[in-house]
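First comes the structure, then the notes that go with it.
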There are 2 protein chains.
Amino acid sequence: MSSDGTGRRPTIYSVADRAQVSIATVSRVLRRPDEVRPATRDRVLQVVDELGYVPDGAARSLAVKSHEAHGLVLPELGGPYYADLLTGYEQGAADGGASVVVLLTDGKADVDLLVRRLAGRVDGIVLMGAVQVAPTTVAAIRRKLPVLGLANSHEESVESFVTENVHSAEELTRHLVEVHGRRRLRFVGSPDIADDVHDRYAGFVAAHQAAGLEAAPPVPATFREEDGPRVAALLLEGELEADALVCANDELALSVMRHLSAGGVSVPDQVSVTGWDDGMAARYVTPGLTTVSQPVRELGRQVAVRMRALLEDPTSVPEQHLLPTTLVVRQSCGCP
Amino acid sequence: MSSDGTGRRPTIYSVADRAQVSIATVSRVLRRPDEVRPATRDRVLQVVDELGYVPDGAARSLAVKSHEAHGLVLPELGGPYYADLLTGYEQGAADGGASVVVLLTDGKADVDLLVRRLAGRVDGIVLMGAVQVAPTTVAAIRRKLPVLGLANSHEESVESFVTENVHSAEELTRHLVEVHGRRRLRFVGSPDIADDVHDRYAGFVAAHQAAGLEAAPPVPATFREEDGPRVAALLLEGELEADALVCANDELALSVMRHLSAGGVSVPDQVSVTGWDDGMAARYVTPGLTTVSQPVRELGRQVAVRMRALLEDPTSVPEQHLLPTTLVVRQSCGCP
DNA sequence: TTGTACGCGTTATCAG
DNA sequence: CTGATAACGCGTACAA
């Protein structure tokens, strides 16, 4: 069993052999250096260095029964939202010594299979609400590891983190109605596409009711810039009457706004346009985009921290987490 | 050895027991279903489903000697650049059945240690040029697995992917000089902070030489928006004279541009401002930002594909890869 | 302080 | 087509 240079990549055995110690000692040197006599320790460390030995993570995981990694499942990485989320999460996970495995589902055929597979390589999984994964899959992986939901205000069976949507949407809408005297408002986005869109529309409706107005049905659209031209065209061609467009996110809002301007409609004079997310572009366009800011990075961090807690104490009682958002008023709503 | 329901998470043994077969058969059912009689197969699959069995990735990795994962080391995820890169890479890796472990180094103390650790959990590592990792660390992990560099035009010892910088910077600068008659151009960014900045400045200098002009030294700045105000102030307060600012990236350019306008300096009438990356904001600001577009997503995908090839055939001869970029002329340079 | 020996959960080889 | 069994590389009681 004592091969040395000839073998493959160096293992703990190669190191032990060469340093004239047992593998137990090598392991100790790496994990709890102070439990080993300095002389031996140095000898081992030198060999480790010579051989460029790096412990195999898989073997280690198997032994310690922990993958030291979390899975983060997102639809994509467009816009600042998901990137910030990932940044925050990675930080929170890293603080606990865990790495992050990202799974981007957009464009993938067998998402359910991939999520299942992922469940075998990580200690816990965070599932973005917008990803389409079968309930049975969720149920399956939950039997194996902790699962946290993100921006899935409905599906209350899994513990989740959500940023406030209803009230901020309501506040935003009210602002448009009361401050700018808008009356023909339209919500741009598909409420059934994701829970947060649903909630934003709900707030939109609530504000109307509170003002004694009737909310028009939503104008369907995805989160992507691509849908902007179509929506703008609807309005330019008179198929849609509106003096305010409450868009589901910034990308959409910016695109609509630009195409409206290009078509000769003045924003915000003729039509107010608002977004959601407060990405970098929102600050730089003219007029500045009135939007809603979410503490996305912090959200990511908190989710990671919670996951770590869950991993340490699985009996920990689940709770729903709600993070506050802030209305950011710029000029696209009509404010000076 | 035959425990059943009482035990911990279901293993291949639990399944085998319950389905009255050997673990070998369970493994086969999952890997090569057609090598097992339909009757037994179905029985096993049913048990798998009942128990919610998911094979342990670590154990599997140990057995097949492959982590089925790649490591991607980036400084951060701000701006569209890294997010796109990651998106492309994840796709390319996923096409080969591998997942991606992201390591964000900004703000982390022991990057070298983290990279080493990562090397034990993945089959290959991609290192962004901008991350600060010791050469000895790189050397160490290279002995263990394939390492690809990204945007590190110098360090030619490791195979790497780079987007063209020198020529596009030269073209951009020439445009400013020839078309817009600029003469007092300044490069904003620190050439020593990253190889691509270095190369962009090199192109800036080259264009000057070609035009018989002398290039001014760079105005130091990071890639972040935060540095914009300072640079703008320099100019507003007369400490810096310039009729064109060639910025290292979009964030910087946008920030500078905005603060210049706020300070009463007209862009592009008095000063041209250009960026790099062509993020979403570049399209939406006024004036539109003249910048350089890189095929980042495609870059990511290509790197992943190359990594897969390297993993299959480690003897594959290394080569340096250069991807083309395109100058995107908008209005911030002075064009109508 | 150091070493022996076993377990971790899969895959793969080789008999049957 | 199916079953025993040996790796895979590491951590860790337990023993010395």
Side-chain angles (χ1 to χ4, degrees), chain A residues 1-4 7-44 47-48 51-68 117 119-123 144-145, chain B residues 1-4 7-44 48 51-68 97 117 119-123 144-145:
Chain A
M1 226 41 27
S2 60
S3 81
D4 197 320
R8 295 289 314 117
R9 292 295 150 223
T11 73
I12 198 173
Y13 290 99
S14 332
V15 179
D17 270 14
R18 215 156 190 294
Q20 314 264 44
V21 296
S22 75
I23 64 164
T25 298
V26 177
S27 183
R28 273 188 215 104
V29 168
L30 265 30
R31 304 300 155 199
R32 289 182 300 275
D34 27 72
E35 283 184 20
V36 45
R37 178 147 42 93
T40 11
R41 189 204 310 162
D42 294 348
R43 188 150 36 92
V44 171
V47 175
V48 164
L51 264 42
Y53 168 67
V54 179
D56 184 295
R60 180 180 155 76
S61 290
L62 196 54
V64 303
K65 296 179 192 307
S66 160
H67 295 282
E68 298 171 323
R117 224 201 284 290
R121 311 184 117 341
V122 297
D123 301 318
K144 193 178 188 331
L145 41 64
Chain B
M1 228 37 32
S2 61
S3 81
D4 197 319
R8 296 288 315 117
R9 291 298 149 218
T11 75
I12 199 172
Y13 288 98
S14 331
V15 179
D17 270 14
R18 215 157 191 295
Q20 313 265 42
V21 296
S22 75
I23 62 167
T25 297
V26 176
S27 184
R28 270 189 218 103
V29 168
L30 265 30
R31 303 299 156 202
R32 289 181 300 276
D34 27 74
E35 283 184 20
V36 44
R37 176 150 42 94
T40 12
R41 187 205 311 160
D42 294 348
R43 188 151 35 94
V44 171
V48 164
L51 264 43
Y53 168 67
V54 178
D56 184 296
R60 179 179 155 75
S61 289
L62 193 55
V64 302
K65 298 180 192 307
S66 159
H67 296 282
E68 298 171 321
R117 222 202 285 289
R121 316 185 87 44
V122 298
D123 302 318
K144 195 180 186 332
L145 41 66

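No experiment lies behind these values; they were computed from the predicted model shown.
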Sugar-phosphate means primed atoms, P, OP1 and OP2; the rest is base. With that split, encode nucleotides 10-16 of chain C 5' to 3' as B, S or - using protein heavy atoms under 4.0 Å.
BBB----

Side-chain N or O of Thr25(A) less than 4.0 angstrom from OP1 or OP2 on dG3(C)?
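The answer is yes; a side-chain N or O of Thr25(A) sits under 4.0 Å from OP1 or OP2.
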
Between Thr40(B) and dT2(D), is there a contact of a side-chain N or O with OP1 or OP2 at under 4.0 Å?
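Result: yes.
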
Going by the rule side chain to side chain donor-acceptor pair (under 3.5 Å), which residues pair with Glu68(A) if we only count those two or more places apart in sequence or in a different chain?
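By the side chain to side chain donor-acceptor pair (under 3.5 Å) rule, Glu68(A) matches Arg60(A).
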
Indicate the atoms forming the closest heavy-atom contact of [X] with [Y], along with that distance.
X: His67(B); Y: Asp123(B); answer: N-OD1, 2.6 Å
X: Ser61(A); Y: Ala58(B); answer: CB-CB, 3.5 Å
X: Ala119(A); Y: Val54(B); answer: C-CG1, 4.3 Å

Tell me whether Arg43(A) contacts the main-chain N or O of Ala19(A) through its side chain, where contact means a donor paired with an acceptor under 3.5 Å.
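Here the side-chain-to-backbone pair exists.
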
Using the C1' atoms of five pairs at each end, what's the angle between the two axes of the helix from dT1(C)-dA16(D) to dG16(C)-dC1(D), to 10 degrees?
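Rounded to the nearest 10 degrees, the bend comes out at 30°.
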
Which residue, Lys65(B) or Pro38(B), contacts DNA chain D at a nucleotide closer to its 5' end, judged by nearest heavy atom?
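Mapping each residue to its closest nucleotide by heavy atoms, the 5'-most match is Pro38(B).
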
To the nearest angstrom, how far is His67(B) atom NE2 from dC10(D) atom C1'?
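Rounding to the nearest Å, NE2 of His67(B) and C1' of dC10(D) are 12 Å apart.
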
To the nearest angstrom, how far is Arg9(B) atom CZ from dC8(C) atom C1'?
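Taking atom C1' of dC8(C) as the reference, CZ of Arg9(B) is at 16 Å.
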
Contact list for residues 20-32 of chain B, test salt bridge (Lys or Arg N to Asp or Glu O under 4.0 Å), sequence neighbours left out:
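Pairs touching residues 20-32 of chain B that pass the test: Arg32(B)-Glu35(B).
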
In chain order, what residues pass the side chain to side chain contact (heavy atoms under 4.5 Å, CB included) check against Ile23(A), with sequence neighbours excluded?
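So Ile23(A) forms a side chain to side chain contact (heavy atoms under 4.5 Å, CB included) with Ile12(A), Tyr13(A), Ala16(A).
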
Ala59(B): which residues meet the side chain to side chain contact (heavy atoms under 4.5 Å, CB included) condition with it, sequence neighbours left out?
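Checked Ala59(B) against side chain to side chain contact (heavy atoms under 4.5 Å, CB included); matches are Leu62(A), Asp56(B).
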
